[in-house]
Amino acid sequence: MRLKLSNRIMVVAAICCSPTPDALGQVTFIENAQERGILSYQMAEGLGGGVAASDFDNDGDIDLFVPNAQGVPDQLYRNLGGGQFEEIAKEAGLASILNNRAALWLDYDGDHLLDLFVTGDCYHLSDESCVDVMTLRLYRQTDNAQFEDVTSIAGFTDDLIFTTNHHRSGLCAADINNDGYLDLFTGIWSGEARLFLNNQNGTFTDISLSCGIGGAAAGHWQPIAHDFNRDGWMDLFWTIDFYENHLWLNQQNLSFIDIAADAGVNQEWNDMGVVIGDYDNDGDLDIYVTEITTNDKHNLLYRNDYSDNVISFSEVAVQAGVQDTSFGWGATFLDCDNDGLLDLAVTNGYFNGPWINDESKFFLNQGGDPVTFADVSAEVGFDDTYSGSSLIALDIDRDGDLDLVQTCVEGPLRVMENQLGQEAGNNHYLVIKPRMYGPNSRAIGTTVHADVANHTMMRLISAGTSFLGQEPAEAMFGLGRADSVDSITINWPDGTQQTLINVAADQVLTVWHSDCAPIGDLNGDGVIGLIDINVLFSQWGTDGPADLDGNGIVSTNDLLILFGNWGPCK
């Protein structure tokens, strides 16, 4: 049983001048990868390749890792600030020349340094070049931008099962047994799903068969983890090509059962990419799945209709206007204009056949009940005809709007800069970076809610999304004209909750998890001190967050509790 704690943190901020989200100006994306220091790129031959984004060096800017084809070194792009990159894979020890497909940043050993899990395959290589090839590799970060290969130590040496017909799928990480350590999901498009349990000592154990997700070959593509039934345990949705999708419900005992049919998400078309987000701002996460659009098949938008502890989805893509992207692959939800509504970008195409000139798609959220989207691909400049693969959203230059990074099968690696932040009077924003002191330092699995004058938004902190992609572990909210947020509520993976009150807009705010908030750590800094006293006095006589004894009023007894726990806390 997990203890549920609720605490609230008072943050001094500006007064909101206008609470209503409101789009300003025309969103435009421009491609400027080369100008930012992005070099030539060669994807591994096959159906797609990924890109992983995270702030691996903890300097506040988001970096990129890009797997490349056999014989071509992988690329590690360190963000120097403002979205200017320096390629440092060789110096960092990450310039592998194997046939690499996807990657994932995670802190697997809890030292608060991001490590890197890289996967590859032998798809369409010669039989000779596929002998004794390690297709799973784990690199531990030992110091700032220095990595060592710990694959054998970690226990990934038994993955020598690939032939030239095997194609690696996407990746995701989640803590599936609530021990604080991140576990790893990976799979094979023409093979089985796999789950590696983190043993807390730097090693992993393959429990794919015993947990229930392994054993059956299928067209596994992208897994994505979230607590769909809100029981405090991470579940898993996995897109499957040609077969039914899976929604694996965590049974809290290192096992899963598939409830996709009961939940209404078991489509068996050509499901490939997946992204989850609360596009209708109703407090639960919806699922968007990319397909090959034909006369009887189309992309899927599963609206989450969770109610009375029952997981249920309704498929509403046609109603919403996001059903057709032809040959769809990667996708991402992003609030491109910071109006408080999640928009949708999808990359498409195939390197031969009738889909060779498929245009990427950008759908602008129009709001309404039900929510509809408008196709504004040409207007915003995201209508390329490359054979797209992975697509992720991130604020690459920290100017307060979300940009796009896109991998293309025959090249290039594209950076699409959002020009919104360069307009005078643009909408406000807020970035929340939840962080934990324990082994899950990036707080993977956290949900963050922002309330702005009766307008509520929700974001998930995840590791693994889109199509063989990863977005950074932070939550970005568009605020429209509002220059502060009424409250930010963070639901941590351990079941505790923190709330920040009156948070100023236009900043990147790191919030650290505090286990001792209920005993006086009211500002979440891990120390019970003078700031907490000021917070408590500001709420004196009310039923505010500083009501430590829970009697409905902040009073002398709460002050005594605070003094009784004075000093650093764990």
Side-chain touch M457/V452, heavy atoms, less than 4.5 angstrom: yes
Does N557 form a side-chain hydrogen bond (donor to acceptor under 3.5 Å, both in side chains) with S555? I'd like the steps, not just the answer. CA-CA 6 Å; N557 194 48; S555 61; over 6 Å; no
Closer than 4.0 angstrom, basic N to acidic O: yes or no for D109 and R140? yes
Does N454, at its CG atom, have more than 12 non-hydrogen atoms belonging to other residues, nucleotides or ligands within less than 6.0 Å? no
Parallel, tilted or perpendicular: rings of Y279 and F373 (30°, 60°): tilted
Quick one: are L559 and F537 in side-chain contact, heavy atoms under 4.5 Å? yes
Starting from the C-alpha separation in whole Å, work towards a yes-or-no answer on side chain to side chain contact (heavy atoms under 4.5 Å, CB included) for L509 and L500. CA-CA 11 Å; L509 182 61; L500 292 70; 3.6 Å; yes
Could you check whether any side-chain heavy atom of Q507 comes within less than 4.5 Å of a side-chain heavy atom of V431, counting everything from C-beta outward? no
Residue of the set D451, I501, V503 for which side-chain contact (heavy atoms from CB on, under 4.5 Å) holds with I488: V503
Report yes or no: does E86 contribute a side-chain atom to a donor-acceptor pair with the main-chain N or O of R78 at less than 3.5 Å? no
Check: N565 side chain, I519 main-chain N or O, donor-acceptor pair, under 3.5 Å: yes
Between N253 and Q251, is there a side-chain heavy-atom distance shorter than 4.5 Å? yes
Sidechain-backbone polar pair: N79 side chain, I62 backbone, donor-acceptor under 3.5 Å: yes
Using only atom types and a distance under 3.5 Å, with no angle test, would you say the side chain of D547 pairs donor to acceptor with the backbone of G552? yes
Between the side chains of N502 and S484, is a donor N or O closer than 3.5 angstrom to an acceptor N or O? no
Determine whether a donor-acceptor pair (N or O, by modelled atom type, separation under 3.5 Å) exists between the side chain of R442 and the backbone of A463. no
Applying side-chain hydrogen bond (donor to acceptor under 3.5 Å, both in side chains), run through D506 and H428 and close with a yes or a no. CA-CA 6 Å; D506 301 329; H428 295 286; 2.5 Å; yes
Please work out which of the three classes, parallel, tilted or perpendicular, describes the rings of F196 and F156, given edges at 30° and 60°. perpendicular
Among L430, V27, L420, side-chain contact (heavy atoms from CB on, under 4.5 Å) partner for N338: L420
Nearest 0.5 angstrom please: F147 CZ to T142 OG1, how far? 8.0 Å
May I ask you to test the N491-H449 pair for a side-chain heavy-atom distance under 4.5 Å? yes
Are D175 and N440 close enough, and set up right, to give a side-chain hydrogen bond (donor to acceptor under 3.5 Å, both in side chains), and what steps lead you there? CA-CA 8 Å; D175 177 10; N440 184 7; 5.6 Å; no
Is there a donor-acceptor pair under 3.5 Å between the side chain of N418 and the backbone N or O of D401? no
Evaluate the side-chain proximity of I490 to V511: yes if any heavy-atom separation is below 4.5 Å, no if none is. yes
Looking at every non-hydrogen atom in both residues, tell me the closest pair between A225 and A174 and how far apart they are. CB-CB, 3.6 Å
Once you round to the nearest 0.5 Å, how far does CD1 of I553 lie from CG of D558? 9.0 Å
Do L184 and L104 pass the side chain to side chain contact (heavy atoms under 4.5 Å, CB included) test, and can you show the C-alpha distance, the side-chain angles, and the key distance before you say yes or no? CA-CA 9 Å; L184 278 166; L104 197 74; 3.9 Å; yes
So, are R36 and D397 salt-bridged, with charged N and O less than 4.0 Å apart? yes
Would you check, one step at a time, whether the test side-chain hydrogen bond (donor to acceptor under 3.5 Å, both in side chains) holds for D231 with Q252? CA-CA 9 Å; D231 66 350; Q252 307 178 17; 3.1 Å; yes
Spacing of CD1 belonging to I276 relative to CG belonging to N304, to within rounding of 0.5 Å: 9.5 Å
Between W492 and Q498, do the side chains contain an N or O donor and an N or O acceptor separated by less than 3.5 Å? yes
Check whether D343 reaches the backbone of F362 with its side chain - one donor and one acceptor, N or O, closer than 3.5 Å. no
Spatial distance of atom CG (N229) from atom CG (N250) [nearest 0.5 Å]: 8.5 Å
For the residue pair Y302 and F313, does the interplanar ring angle fall in the parallel (under 30°), tilted (30 to 60°) or perpendicular (over 60°) class? perpendicular
How far does CD1 of I392 sit from CG of D403, to the nearest 0.5 angstrom? 10.5 Å
For the side chain of D115 and the backbone of Y108, is there at least one donor-acceptor N/O pair under 3.5 Å apart? yes
Steps toward side chain to side chain contact (heavy atoms under 4.5 Å, CB included) verdict (L285, F333): CA-CA 11 Å; L285 293 174; F333 279 121; over 6 Å; no
Check side-chain hydrogen bond (donor to acceptor under 3.5 Å, both in side chains) between R459 and all other residues, then give those that pass, not counting sequence neighbours. none
So, D183 side chain and I176 main chain: donor-acceptor pair closer than 3.5 Å or not? yes
Under a 3.5 Å distance rule, please check whether D305 uses its side chain to pair with a backbone N or O of S312 as donor and acceptor. no
What class does the angle between the rings of H226 and F228 fall in, given that below 30° is parallel, 30 to 60° is tilted and above 60° is perpendicular? perpendicular
Distance from L342 atom CG to N281 atom CG, nearest 0.5 Å? 6.5 Å
State, yes or no, whether a side-chain contact exists between L182 and D107 at a heavy-atom distance under 4.5 Å. no
Just wondering, do V380 and T28 contact through their side chains at under 4.5 Å, heavy atoms? no
Going through the distances and angles, do L138 and F204 end up as a side chain to side chain contact (heavy atoms under 4.5 Å, CB included)? CA-CA 11 Å; L138 180 63; F204 290 80; 4.0 Å; yes
